[in-house]
Amino acid sequence: MSALSVRSTERPLAEINITPLIDVMLALLLIFMISAPLLTNKIPLPLAGGETSKVPRTVDLRIAADGQVIYNDAALSRVELEAQLLSWAGQGENKPVLQLHPDKATTHQYLIDVLALARQTGMEGISIETPR
């Protein structure tokens with residue numbers, strides 16, 4: 001017998017090692033078990049063809065650097081501002097959205113005072129424009 005001729009008594013291995021497949025399957029199962037509860041929260045979205053959404057009316061209030069509140073180019077005192085906010089808040093479902101426009105030099109305390117007064121009077125929609 002020559003050295004090149006090899007007698008093959010071994011048969012080819014016809015088994016599949018499934019251990020890595022089981023590891024991948026268990027990892028996927030773990031991922032799905034963790035992420036499934038997170039996906040159950042539903043966000044209600046308005047459907048097309050339903051009620052037409054009304055664009056809310058906005059009221060712009062400027063807050064000067066000295067804390068003066070200006071509405072329609074007229075300065076309002078605290079009592080006048082409170083009365084005006086109460087009248088806007090009492091409009092039921094037609095409440096306007098309050099947009100505050102503070103000056104660059106306005107201190108935070110003046111803005112907080114107007115915000116607190118607006119919340120006390122019942123204003124719900126309040127937005128603040130950040131000065132640039």
Side-chain angles (χ1 to χ4, degrees):
M1 267 212 277
S2 77
L4 294 176
S5 67
V6 176
R7 203 172 96 195
S8 177
T9 58
E10 297 180 11
R11 292 184 289 156
L13 186 61
E15 296 177 6
I16 297 176
N17 187 4
I18 62 168
T19 305
L21 296 175
I22 292 173
D23 291 342
V24 169
M25 183 213 42
L26 290 175
L28 288 174
L29 180 66
L30 183 65
I31 290 170
F32 287 129
M33 286 175 60
I34 291 173
S35 64
L38 300 175
L39 298 175
T40 57
N41 295 339
K42 296 181 181 178
I43 300 172
L45 296 175
L47 299 176
E51 295 180 19
T52 58
S53 61
K54 298 185 296 185
V55 177
R57 183 172 59 103
T58 60
V59 173
D60 295 322
L61 291 180
R62 289 184 298 142
I63 304 172
D66 61 350
Q68 190 69 37
V69 179
I70 301 167
Y71 173 64
N72 285 343
D73 297 326
L76 298 175
S77 69
R78 181 172 172 84
V79 174
E80 292 172 332
L81 177 62
E82 186 174 1
Q84 190 65 47
L85 288 171
L86 281 171
S87 71
W88 289 327
Q91 294 181 358
E93 292 184 16
N94 195 21
K95 288 183 188 178
V97 174
L98 186 62
Q99 290 186 345
L100 301 177
H101 303 278
D103 190 55
K104 274 186 176 181
T106 303
T107 63
H108 288 94
Q109 188 59 48
Y110 293 135
L111 180 62
I112 290 171
D113 291 341
V114 173
L115 282 172
L117 187 61
R119 292 301 290 168
Q120 286 173 359
T121 57
M123 292 296 293
E124 294 173 357
I126 301 172
S127 68
I128 301 171
E129 177 189 292
T130 55
R132 295 179 185 209

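Atom set for the values below is all heavy atoms of this structure, side chains included, hydrogens, waters and symmetry mates excluded.
Here the straight-line distance linking atom CD1 of I34 with atom CG of L29 works out to 10.0 Å at 0.5 Å rounding. A distance of 5.0 Å separates CD of E82 from CG of L117, quoted to the nearest 0.5 Å. Rounding to the nearest 0.5 Å gives a distance of 9.0 Å between CD1 of I128 and CG of L98. Here the straight-line distance linking atom CG of L100 with atom OG1 of T130 works out to 12.0 Å at 0.5 Å rounding. Note that the CD atom of E124 and the CZ atom of R119 stand 7.0 Å from one another [nearest 0.5 Å]. Atom CG of L61 sits about 9.0 Å away from atom CG of N72, to the nearest 0.5 Å.
Around the CD1 atom of I16, the shell of radius 6.0 Å holds no more than 12 heavy atoms that belong to other residues, nucleotides or ligands. I18 CD1: 12 or fewer foreign heavy atoms inside a 6.0 Å radius. In R78, the CZ atom is not crowded: 12 or fewer heavy atoms of neighbouring residues, nucleotides or ligands sit closer than 6.0 Å.
When the side chains of ILVMFWY residues are joined at heavy-atom separations under 4.5 Å, either directly or via intervening members, M33 and V24 end up in two distinct hydrophobic clusters. In this structure, I63 is a member of the same hydrophobic cluster as I126, with clusters built from ILVMFWY side-chain heavy atoms closer than 4.5 Å. When the side chains of ILVMFWY residues are joined at heavy-atom separations under 4.5 Å, either directly or via intervening members, M25 and L21 end up in a single hydrophobic cluster. When hydrophobic clusters are built by joining Ile, Leu, Val, Met, Phe, Trp and Tyr residues whose side-chain heavy atoms come closer than 4.5 Å, directly or via intermediates, M123 is grouped together with Y71.
For the pair G122 and A89, the tightest heavy-atom approach, listed with the atom from each and the gap, is C-CB, 3.8 Å. Taking all atoms of both residues into account, the shortest heavy-atom contact from P96 to W88 is CD-O, 3.6 Å. Shown here for A64 and I70, the closest heavy-atom pair between the two residues is CB-CD1, 4.4 Å. Closest heavy-atom contact between A75 and Q68: CB-NE2, 3.1 Å. Taking each heavy atom of S87 and Q84 in turn, the nearest pair found is OG-O, 2.7 Å. Heavy atoms only, all atoms of each residue included: P102 and E129 are closest at CD-O, 3.2 Å.
Here the rule is side-chain hydrogen bond (donor to acceptor under 3.5 Å, both in side chains) with Q109, and of T106, D113, T107 only D113 fits it. With L85 as the fixed residue, the side-chain contact (heavy atoms from CB on, under 4.5 Å) test singles out one of T121, L76, V59, V69: T121.
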